[in-house]
Amino acid sequence: MYNETVMANFQNPQNVGEIPDADGIGEVGNIVCGDILRVYIKVKEGKLDDVKYMTYGCAAATASGSMMTTLAKGLTIEEGLNLVNKDVAKALGGLPPQKMHCSNLAADALHRAIRDWQKKTGQLPEGYEEAEDGHDHGDEDGCPVAE
Amino acid sequence: MYNETVMANFQNPQNVGEIPDADGIGEVGNIVCGDILRVYIKVKEGKLDDVKYMTYGCAAATASGSMMTTLAKGLTIEEGLNLVNKDVAKALGGLPPQKMHCSNLAADALHRAIRDWQKKTGQLPEGYEEAEDGHDHGDEDGCPVAE
Amino acid sequence: MRKVYLDHAATTPLHPEVLALMCDFMRDTFGNPSSVHSFGREAKKFTQEARQKVADLIGAAPEEIYFTSGGTEADNIAIIGTAMARRKNGNHIITSAIEHHAVLDTFKYLAKNGFEVTLLPVDKYGMVDPDEVAGAIRKETTLVTIMHANNEIGTIQPIAEIGRIVREHGVVFHSDAVQTLTKIPVNVDDLGVGLLSLSAHKIYGPKGIGALYVRKGIRLQPIIHGGGQERKLRSGTENTPGIVGFGKAAEIGGRDMEQESKRVQGLRDKLIRRVLAEIPSVTLNGHPEQRLPNNANFSVAYVEGESLVLSLDLDGIAVSSGSACSSGSLQPSHVLTALGLPHEMMHGSLRMTLGRANSEEDIDYVVESLKGIVTRLRSFSPLAQPVRA
Amino acid sequence: MRKVYLDHAATTPLHPEVLALMCDFMRDTFGNPSSVHSFGREAKKFTQEARQKVADLIGAAPEEIYFTSGGTEADNIAIIGTAMARRKNGNHIITSAIEHHAVLDTFKYLAKNGFEVTLLPVDKYGMVDPDEVAGAIRKETTLVTIMHANNEIGTIQPIAEIGRIVREHGVVFHSDAVQTLTKIPVNVDDLGVGLLSLSAHKIYGPKGIGALYVRKGIRLQPIIHGGGQERKLRSGTENTPGIVGFGKAAEIGGRDMEQESKRVQGLRDKLIRRVLAEIPSVTLNGHPEQRLPNNANFSVAYVEGESLVLSLDLDGIAVSSGSACSSGSLQPSHVLTALGLPHEMMHGSLRMTLGRANSEEDIDYVVESLKGIVTRLRSFSPLAQPVRA
Ligand SMILES: Cc1ncc(COP(=O)(O)O)c(C=O)c1O
Ligand SMILES: Cc1ncc(COP(=O)(O)O)c(C=O)c1O
């Protein structure tokens, strides 16, 4: 089902855990749908100095978090916001169709963490809406559906 | 499908062939239904001195003819008329349900041969109807049907 | 690496005796049982012997056994066959909410085609209440189908009691015994069923073969039409090696049932005991006593089922989960949903179903492996660790 | 006693390579392909390889191959599946009078359920006239199904030509290629079919497995409901050993087709030549040229088919007959009836279908045996000898 890159990132996920004194935290997903991804960031000189994550979900969610954090570390804030879900899935060498939404969790959670940092530091762009970062499926009916 | 007695009587049918100077001949069945049995008898001193048959049909028809003629030889005319299809099937050790009609051919044909002899010798009982000896399925719709 | 197969409810390996018989049969006896000649008659003889063996296992007559391509097809023939054949008597059919998809999806199909369907709820252990069955039966009801035991949580239904009620109403009663056969006694008269579905590959027999028991007198409309095999109920050249293998598996399964079920239940009880004692925040799903001897179904809080399944797989352990992720269906299993479990416990379900190959050592290995996996997955689960910052 | 199997149209023995592979597979790989763990993934890998092989044989893509329990089920899914899925477009379906029962009985079933059916006649060789197909298509027609070659008389239909006509009308075209696969080229694009039925046990593969080719874009309604296997078209745990065996048989059959068909046709031609030359009052049924390379179908005047079959069987020779007696149906085969044969020739039909195991010596043995049998049976046939007295 999963390719080797996905399995390697599931088996040995990179950057898992909490950053106790994180500068920003973002979480997407919920327990109804069965997948949650939470991202912690440390920002230093306009760059993502450290990125960690915790996840509850299928193997694809764990692997996506691992790949996303690996890709995100060292990026500028701007670059972090430009890292999209497709980049993560691509870096993983692809995901089964019914698991694509898992990869969506990872970049979305990163964006939320960045927004959280921006908010805390008073840098949130004017007119920013949370919904822009998507993926806040709220209830059972709203859970992502495979094509 | 067939038991050993049936197969033995099919493989080595007894009393097959024609009696060129037969005293009576009876035939039942027809080509539409695919089974025909013709019986020849020689009568001597009120007894069935010789009984032979020819048949076109399934193995059960051949075996029934063989068994019927074996049973009939030496019987009195009265006894011959009392020999019924069930006797033949029973002596064969039974026939598959869908083949029971084959055993019906044999005794019916014998009865017709006896009636033929009675007719020729002016002994046909008053009020005798050919239909009594049954089994004259005339066309495709009338072919015997398995239960 | 050690390999431990704990997914016997999904399928089982062939019993070595079944394998040997099937290979011999496939080499020597290839005739079509419908053929008149010796090749055909020889094949027919074997299938009739197998039919007798399957019949013997469930206390039926051989002419009440109709071979199908598996349990799914048996369920479909039972349900569609009855509903269609009895359409003049009514259009209402009843089942439970926790049936196998082979039953539930067939009900959905019939619901779309003019039938009224009732899905009975179950209690928190997955039990159907016989009184609810009685209450649901109407004048128009033609069929009730309740599975003998559930494939996910192992709960065994009070089939004999339900059967009595259904029969009293003159309604046809079907049960799916795919999971119970050779695990607990399955006797068509004791259960009071008119129709019973069986599948060979769950009892160390071959895949692609099953059977429907049809009590004498019950008429069904076929769903596959053609040459009229299986006394016109199921057309198609017979899967003779499958039938022969099924017969052998039935014979062995019946012979060994008591002893093997006891052995497996001992291992299963140990598994449950240790898991519940040694791993925190784990619960057991299904009925505490009325359950299949080989079934354990856990909910592990804070971790998701597919991750558990794949992590165990990396340790050589094969299990399954009713989690949405695992099934690829994006909805947790309808069985766990019907139990009314909290979402978290549905997503973290883990089914371990034991069988012939499992040993004490397997259980020890699995418990140790699971402990480590749960600890590791929980270490980065946001549910286990609320946001601090 | 010498054994000569001349009933390859009924079924075939497993090819030794198929047997070996299946036995290995059944021993080593028992997982359920739907399972997430390694046992399941391993099984899935094998079934996907087999799917590719079957696809390759008919020039299809692997995702266009749907495994079924056999040719009969493939025909049923094709016909019922199309008729139901396209019910909104119309309720008229077309086939020929000489199809296999799997097609004809399915048509009967649909006719009882509100569909209008047309059965096209055939000429004296069993040929369908493409113009008749064109003439029968109406606005409401949703499906045309014409078999590639007939199982009794071997006549090969002009499928490519018919396919062109059917497609021009925007109607779904199905063909039953159960008898042609590995005997003559079967390519879905050359034939222009949307749906094609296949069966493994006719090509030295296992019984109980077949496939339906479904051209991308054609939607079918399933007839068996459940777990959603075979991309939701055919539910039920996959018959993995059957699938693997089918794959191997397809591979071998494709590889050897040209050479083997030529060899078999040589034997078959000799058989026909000798029988017609050496036994009086025998005719050949079916098309003189457009026929399967392995099929010979005779009518023997004055003797009935079952008696021929059983007499040959006593000599170790396995053949079949379309006679009423032989089938137990009490009606001669619908195929022979459709040809318009005289009753006598219908009842005396004899089908000999050759295959891999047959040799020159077999043919000589069969001709000698048949000569003796016909002479003997005719010696007491009332048809051969009219009443003299
Ligand atoms: C309870 C139950 N019913 C039906 C089935 C379907 O049987 P099969 O896999 O033989 O189609 C299964 C297993 O898949 C099952 O567990
Ligand atoms: C032309 C044709 N179609 C369909 C079938 C049915 O296939 P199966 O025996 O696999 O069910 C057969 C053989 O029985 C056949 O010859």
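A perpendicular orientation is assigned to the rings of B:Tyr56 and D:His347, their planes being inclined by more than 60° (bins at 30° and 60°).
Interface residue D:Ser381: backbone and side-chain heavy atoms are both found under 4.5 Å from chain B. Interface residue B:Thr55: backbone and side-chain heavy atoms are both found under 4.5 Å from chain D. For D:Arg378, no part lies under 4.5 angstrom from a heavy atom of chain B.
Counting non-hydrogen atoms of neighbouring residues, nucleotides and ligands closer than 6.0 angstrom, the NZ atom of B:Lys42 exceeds 12 such neighbours. By the 6.0 Å contact criterion, NZ on D:Lys3 is enclosed, its count of non-hydrogen atoms from other residues, nucleotides or ligands being greater than 12. Other residues, nucleotides and ligands contribute more than 12 heavy atoms inside 6.0 Å of the NZ atom of D:Lys371. Within 6.0 Å of atom OH in D:Tyr302, 12 or fewer heavy atoms from other residues, nucleotides or ligands are found, so the atom counts as exposed in its surroundings.
From D:Ser311, atom OG reaches atom CD of B:Gln11 across 8.0 Å, with rounding to the nearest 0.5 Å. Rounding to the nearest 0.5 angstrom, the gap separating the CD atom in D:Glu344 from the CD1 atom in B:Ile31 is 5.0 Å. Remark: B:Leu37 CG to D:Phe380 CZ distance equals 10.0 Å, nearest 0.5 Å. In this structure, CG in D:Leu310 is found 5.0 Å from CE in B:Met7, a value given to the nearest 0.5 Å.
Listed here is the closest heavy atom pair of B:Met54 and D:Ser379: CE-O, 3.4 Å. In terms of heavy atoms, B:Pro13 sits closest to D:Arg376 at CD-NH1, 3.6 Å.
Side-chain N or O atoms of D:Ser307 include one that pairs as donor or acceptor with a backbone N or O of B:Gly57 at under 3.5 Å.
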